[in-house]
Every structure is written in C-alpha cells, then in structure tokens.
Amino acid sequence: MQLKARIRPEVARLLSETPLSDVQRLTEEPDEQGWCWLEAEVPNDQQTQWWIQGFGAAIDVVEPVSWREAIHRQARGVLGIET
C-alpha cells in the first residue's frame, strides 16, 4: 500500500532514524505550514493503521483515502461528533 502523509518535524526525525519501510521518501524540512512529507510502501494491515493513529495530530494521512476516512471517523467518534 502506498502511504502519503503530511507529518510534523518530530515524526520526520524519528522516521529518518528508523524508516517505516525499505521504500520511503521523506522531507525533513517543514513547509510553510510546518509539515514535512512522507511517502512509503507499507503493509495494508491493522497494525500499520494503529501505529499511524498513535501519532495523533502529528500525522495527516492523505492516501490511502480509506485510511484517512477511517481515522477521521474514529476522531469524530472520540469527540462525540455525529456525521
């Protein structure tokens, strides 16, 4: 699965030292909004999704869209926001 995400610099530093996968592209310098960019080939499994969710607001999944939507659904559920 191809993961594309905006990540905060502290996550970028972590992933530069311990890559998420053998196939990973990472920018370590933040953009104007303070985000770095991550692209990586990752397993399409629950463990990877849990790992991503563990970073909370420090990671913004762009693709796969299904993961992005699942994360947003879970966040709305935690906040008690109905959609």
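FYI, side chains are in, hydrogens and waters are out, and symmetry mates aren't considered; it's all heavy atoms of this structure. Model, not experiment: these values are computed from the prediction.
- Remark: Q24 engages L15, P19, L20, S21, L26, L38, A40 in a side-chain contact (heavy atoms from CB on, under 4.5 Å) (not counting sequence neighbours).
- By the side-chain contact (heavy atoms from CB on, under 4.5 Å) test, T27 is found to be paired with C36, W37, residues two or more places apart in sequence or in another chain being considered.
- Residues V42 and W67 meet the side-chain proximity criterion, which asks for heavy atoms closer than 4.5 Å.
- Considering only heavy atoms from C-beta on, E39 comes within 4.5 Å of Q2 through its side chain.
- For D22, the side chain to side chain donor-acceptor pair (under 3.5 Å) test picks out no residue, with sequence neighbours left out.
- Q33 meets the side-chain contact (heavy atoms from CB on, under 4.5 Å) test with D31, W35; sequence neighbours excluded.
- From N44, atom CG reaches atom OG1 of T48 across 8.0 Å, with rounding to the nearest 0.5 Å.
- Within a 6.0 Å sphere centred on CD of Q46, heavy atoms belonging to other residues, nucleotides or ligands number more than 12.
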List, one per line, each side-chain donor-acceptor pair under 3.5 Å for residues 51-65, sequence neighbours excluded.
from: Q53; atom 1: NE2; to: Q74; atom 2: OE1; distance (Å): 2.6
from: D60; atom 1: OD1; to: R68; atom 2: NH1; distance (Å): 2.7
from: D60; atom 1: OD2; to: R6; atom 2: NE; distance (Å): 3.1
from: D60; atom 1: OD2; to: R6; atom 2: NH2; distance (Å): 3.2

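- The hydrophobic cluster analysis finds V23 isolated: no Ile, Leu, Val, Met, Phe, Trp or Tyr side chain comes under 4.5 Å of it, directly or through other members.
- In plain terms, the two heavy atoms of G34 and P30 that are nearest each other are C-CB, 3.7 Å.
- Considering CZ of R13 and CZ of R8, their distance stands at 12.0 Å, rounded to 0.5 Å.
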Quick one, R73 with R76, criterion side chain to side chain contact (heavy atoms under 4.5 Å, CB included). Give me CA distance, side-chain angles, the key distance, then yes/no. CA-CA 5 Å; R73 243 187 339 271; R76 287 190 302 271; 3.5 Å; yes
